[in-house]
Amino acid sequence: MKRTLIKDALAAMPVGTELTVAGWVRTVRNHKGTHPLSFVNLNDGSCLATLQVVAPAALENFVSEVQRLSAGCSVAATGRLVASQGKGQAVELLASRLRVVGWADAETYPVQQKHHTFEFLRAQAHLRPRTNTFGAVTRVRNAISFAIHEFFQQRGFVYVNTPIITASDCEGAGQMFRVSTLDPAKLPRTPEGNVNFAEDFFGRQTYLTVSGQLEGETYACALGNVYTFGPTFRAENSNTPRHLAEFWMIEPEMAFCDLAGDADLAEEFLKHIFTAVLTRCREDMAFFAEHIDKTVIDTLTHIAASPFERLSYTQAIDILTRSGKSWEYPIAWGGDLQTEHERYLTEEVFNKPVILTDYPAQIKPFYMRSNDDGKTVAAMDVLVPKIGEIIGGSQREERLDVLVEKMKNSHLRPEDYWWYLDLRRYGTVEHAGFGLGLERTVQFATGMANIRDVIPYPRTPGSAEF
RNA sequence: UCCCCGAUAGCUCAACGGUAGAGCGAUCGGCUGUUAACCGAUAGGUUCUAGGUUCAAAUCCUAGUCGGGGAGCCA
């Protein structure tokens with residue numbers, strides 16, 4: 001079957017064109033009686049809009065099939081594009097043939113011709129892409145993914161696939177999922193009674209990666225500028241609208257680059273993504289602005305046009321201290337900024353993305369480069385309104401002796417990271433990078449309130465259906 | 001993991017100690033072009049689970065399960 005995408009039919013085809021479209025029925029309006037006629041709105045996922053198929057009584061299967069159609073049925077319709085007699089659409093398809101490809105029992109099909117809550121649709125995750133919202137989210141997510149590759153490829157960055165299974169049990173970020181083929185009912189034991197992981201698949205303990213950064217650094221220190229784009233796993237028991245146990249992360253890493261260059265790239269990067277969404281997903285973005293969050297288009301436009309605010313952690317503490325606001329968590333130099341502090345800065349003080357830099361060393365991981373003041377490290381967080389931290393990055397510690405010292409202070413064994421330290425032994429260079437959460441970016445771009453609704457099959461504590 | 005809130009028809013909700021209701025959806029019928037169509041009728045519920053209080057529990061109490069929001073952790 002040669003089919004025309006509904007997107008193309010609506011955008012480019014002149015009235016009179018003969019074509020075939022195929023998709024899933026969204027709504028049906030039947031007229032029975034003496035002058036029967038059916039209106040079938042079809043969606044094929046190529047765009048948000050549906051194509052109205054007008055089915056005249058002359059169709060040979062009109063009574064036997066067409067008038068029995070309901071939401072969810074798949075059909076292929078052949079006919080001529082005509083100017084619509086009704087309001088609500090410029091053109092419609094006057095069907096000369098309407099083939100029912102697959103029925104959907106109206107009594108049991110879960111996606112009704114009505115509004116559903118996102119909570120309900122999460123339990124129908126296999127069918128929710130057939131709704132307006134999830135179709136739009138999926139197309140925007142796709143556009144963002146493409147824009148990410150485009151941004152890096154245009155700048156000569158090399159796409160690197162870092163391992164998903166890792167043996168480093170402490171990459172400095174969160175709890176990890178164990179990967180094992182051992183039979184939990186018959187665990188092999190060492191003479192001391194511990195589990196003998198030497199008998200496991202890899203001959204040692206292994207986990208799902210929480211970050212490709214360390215491996216990314218090794219390729220940056222050879223290829224120059226690289227980026228990763230892959231799944232990431234965190235076994236934290238986080239139950240919030242901003243956390244997933246499995247999510248996608250983008251991690252660029254640049255050799256011969258300091259923290260300022262890192263921040264420059266992060267800002268350019270986000271602007272590229274949001275500009276791409278605004279120009280390439282107009283229909284879907286208009287939908288989000290109308291039904292999900294009235295401010296999304298204005299917000300993205302504003303971000304794409306204005307420079308990000310940059311200030312140090314120390315300056316931020318100063319602003320927060322002098323704000324005169326009463327905080328649930330007290331402000332003190334050396335402590336982590338709380339959600340309320342970050343939101344105040346990005347939403348109320350500056351009302352745009354804020355890049356915070358140079359955090360106290362004690363609240364940041366070992367690999368971040370120590371500043372000359374002896375108290376802070378070359379870290380940066382990019383904060384955006386509503387979501388909070390969307391990017392976290394740093395300049396990496398490239399001095400061997402300093403790095404070894406920092407590892408020891410973090411109770412890490414340098415010999416476990418021999419290959420990471422080799423980068424500093426042989427031709428070390430200053431380098432920097434950051435991590436961007438794909439789902440948080442999609443959330444921010446669409447205005448969707450819950451991260452579980454911007455990934456096809458969310459994995460969260462206690463939930464891995466589908 | 002902590003703190004709140006919730007669970008009643010397929011869906012969204014009402015009933016707040018006295019025999020369980022609406023809208024939408026579904027089914028059947030009607031309607032000369034509709035727009036989540038409209039009009040009429042019909043069907044549909046061990047009120048999340050297990051205990052308890054009471055003459056009487058959807059309603060009050062206890063525990064659990066699941067869901068949502070906030071916090072922490074972070075992307």
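Chain identifiers are assigned alphabetically (A, B, ...) following the order of the sequence lines, protein sequences preceding nucleic acid strands; residue numbering begins at 1 within each chain. Below, each value reflects all heavy atoms present in this structure, side chains not excepted, and no hydrogens, waters or symmetry copies.
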Trainee: How close do A:Val75 and A:Val25 get, heavy atom to heavy atom, and via which atoms?
Mentor: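 Smallest interatomic distance, heavy atoms only, reads CG1-CG2, 4.1 Å.
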Trainee: Select from A:Gly88 and A:Phe120 the residue whose nearest nucleotide in RNA chain B is closer to the 5' end of that strand.
Mentor: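 Counting from the 5' end, the first nearest nucleotide belongs to A:Phe120.
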Trainee: Return the pairing partner of B:rA20 with a 3.5 Å limit on both distances, Watson-Crick or G-U wobble; otherwise return none.
Mentor: none
Trainee: Counting any heavy atom closer than 4.0 Å, what does A:Leu244 reach on the DNA or RNA strands: base, sugar-phosphate only, or nothing?
Mentor: base
Trainee: Under a 3.5 Å limit for both distances, which nucleotide forms a Watson-Crick or G-U wobble pair with B:rA71, could you say?
Mentor: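 Its partner is B:rU1.
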Trainee: Find the partner of B:rU47: check Watson-Crick (N1-N3 plus N6-O4 or O6-N4) and G-U wobble (N1-O2, O6-N3) distances, both under 3.5 Å, and reply none if neither fits.
Mentor: none
Trainee: Is any side-chain N or O of A:Asn450 closer than 4.0 Å to OP1 or OP2 of B:rG69?
Mentor: yes
Trainee: So, does A:Gln124 get its side chain near the phosphate of B:rC11, meaning an N or O under 4.0 Å from OP1 or OP2?
Mentor: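 Result: no.
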Trainee: Of all the nucleotides listed (B:rU34, B:rG67, B:rG69), which has the minimum atom distance to the side chain of A:Gln52?
Mentor: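 Comparing B:rU34, B:rG67, B:rG69 against the side chain of A:Gln52, the answer is B:rU34.
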Trainee: If you check every side-chain atom of A:Lys114, which of B:rA37, B:rG23, B:rA71 has the closest atom?
Mentor: B:rG23
Trainee: Show, in sequence, the C-alpha distance, side-chain angles and deciding distance for A:Tyr227 and A:His149, and conclude whether the ring-ring contact (aromatic ring centres under 6.0 Å, His included) test is met.
Mentor: CA-CA 9 Å; A:Tyr227 68 105; A:His149 281 294; 5.6 Å; yes
Trainee: Tell me whether A:Phe39 and B:rG33 count as stacked here, given that the ring centres must be under 5.5 Å apart and the planes must differ by less than 30 degrees.
Mentor: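 So A:Phe39 does not count as stacking on the base.
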Trainee: Base, sugar-phosphate or nothing for A:Glu340? Non-hydrogen atoms, less than 4.0 Å.
Mentor: nothing
Trainee: Hey, does A:Glu92 have a side-chain heavy atom less than 4.5 Å from the side chain of A:Val82?
Mentor: yes
Trainee: At under 4.0 Å between heavy atoms, how does the protein contact nucleotides 2-7 of chain B? Give one character per nucleotide, 5' to 3', with B, S or -.
Mentor: ------
Trainee: Just to be sure I understand the rule, does A:Glu328 reach a base, reach only the sugar-phosphate, or reach nothing, if contact means heavy atoms closer than 4.0 Å?
Mentor: nothing
Trainee: Contact class for A:Glu107 vs. all strands (heavy atom < 4.0 Å): base, sugar-phosphate, or nothing?
Mentor: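 Answer is sugar-phosphate: A:Glu107 comes under 4.0 Å of backbone atoms only.
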Trainee: Nearest 0.5 angstrom please: A:Ile148 CD1 to A:Trp248 CH2, how far?
Mentor: 11.0 Å
Trainee: Under 4.0 Å between a side-chain N or O of A:Thr34 and OP1 or OP2 of B:rU32?
Mentor: yes
Trainee: Between A:Phe247 and A:Thr117, which residue's closest nucleotide on RNA chain B lies nearer the 5′ terminus?
Mentor: A:Thr117
Trainee: Could you check how far CZ of A:Arg29 sits from P of B:rG25, rounded to whole Å?
Mentor: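 So the CZ-P distance, A:Arg29 to B:rG25, works out to 12 Å.
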Trainee: Measure from CZ on A:Phe287 to P on B:rA36 and round the result to the nearest Å.
Mentor: 13 Å
Trainee: Looking at every strand, decide which applies to A:Thr339 at a 4.0 Å heavy-atom threshold: base, sugar-phosphate, or nothing.
Mentor: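 Contact class for A:Thr339: sugar-phosphate only.
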Trainee: Taking 4.0 Å as the cut-off, does a side-chain nitrogen or oxygen of A:His116 come that near to OP1 or OP2 on B:rC11?
Mentor: no
Trainee: Which part of the nucleic acid, if any, lies within contact of A:Leu37, taking any heavy atom under 4.0 Å across all strands shown: a base, the sugar-phosphate backbone alone, or nothing?
Mentor: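 It contacts base atoms.
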Trainee: Between A:Thr376 and A:Asn371, is the side chain to side chain donor-acceptor pair (under 3.5 Å) condition met? List the steps.
Mentor: CA-CA 6 Å; A:Thr376 62; A:Asn371 287 329; 2.8 Å; yes
Trainee: Please classify the nucleic acid contact of A:Phe118 as base, sugar-phosphate, or nothing, using heavy-atom distances under 4.0 Å.
Mentor: nothing
Trainee: State which residue, out of A:Phe157, A:Phe146, A:Tyr159, fulfils the ring-ring contact (aromatic ring centres under 6.0 Å, His included) condition with A:Phe152.
Mentor: A:Phe157
Trainee: State whether a side-chain donor-acceptor pair under 3.5 Å links A:Ser394 with A:Arg396.
Mentor: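 Checked: A:Ser394/A:Arg396 side chains pair up, N/O donor to acceptor below 3.5 Å.
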Trainee: Which base sits across from B:rU65 as a Watson-Crick or G-U pair, both distances under 3.5 Å?
Mentor: B:rA7
Trainee: Any base atoms under 4.0 Å from A:Glu119, or only sugar-phosphate, or nothing? Heavy atoms, all strands.
Mentor: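 Touches sugar-phosphate only.
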Trainee: Using a heavy-atom cut-off of 4.0 Å across all strands, would you classify A:Gln112 as base, sugar-phosphate, or nothing?
Mentor: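 It contacts base atoms.
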Trainee: Between B:rG68, B:rU34, B:rC74, which nucleotide gets closest to the side-chain atoms of A:Ser84?
Mentor: B:rU34
Trainee: Remember a base hit wins even if backbone is also touched, and classify A:Arg452 as base, sugar-phosphate or nothing at under 4.0 Å, heavy atoms.
Mentor: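 Since only primed, P, OP1 and OP2 atoms lie under 4.0 Å of A:Arg452, the category is sugar-phosphate.
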Trainee: Any idea which of B:rG70, B:rU32, B:rA37 is nearest the A:Pro241 side chain?
Mentor: B:rG70
Trainee: When you measure from the centre of the six-membered ring of A:Phe366, is the NZ or CZ of A:Lys406 closer than 6.0 Å and no more than 45° off the axis?
Mentor: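 Checked: cation-pi criterion not met.
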Trainee: On the ring face of A:Phe151, is A:Arg155 found with NZ or CZ under 6.0 Å from the centre and within 45° of the axis?
Mentor: yes
Trainee: Side chain of A:His31 only, please: which of B:rG68, B:rG72, B:rA37 is the nearest?
Mentor: B:rA37
Trainee: Applying a 4.0 Å non-hydrogen cut-off, can you work out what A:Arg26 is touching in the nucleic acid: base, sugar-phosphate, or nothing?
Mentor: nothing
Trainee: Look at A:Thr27 and B:rU35 and indicate whether a side-chain polar atom (N or O) is within less than 4.0 Å of OP1 or OP2.
Mentor: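 No, outside the criterion.
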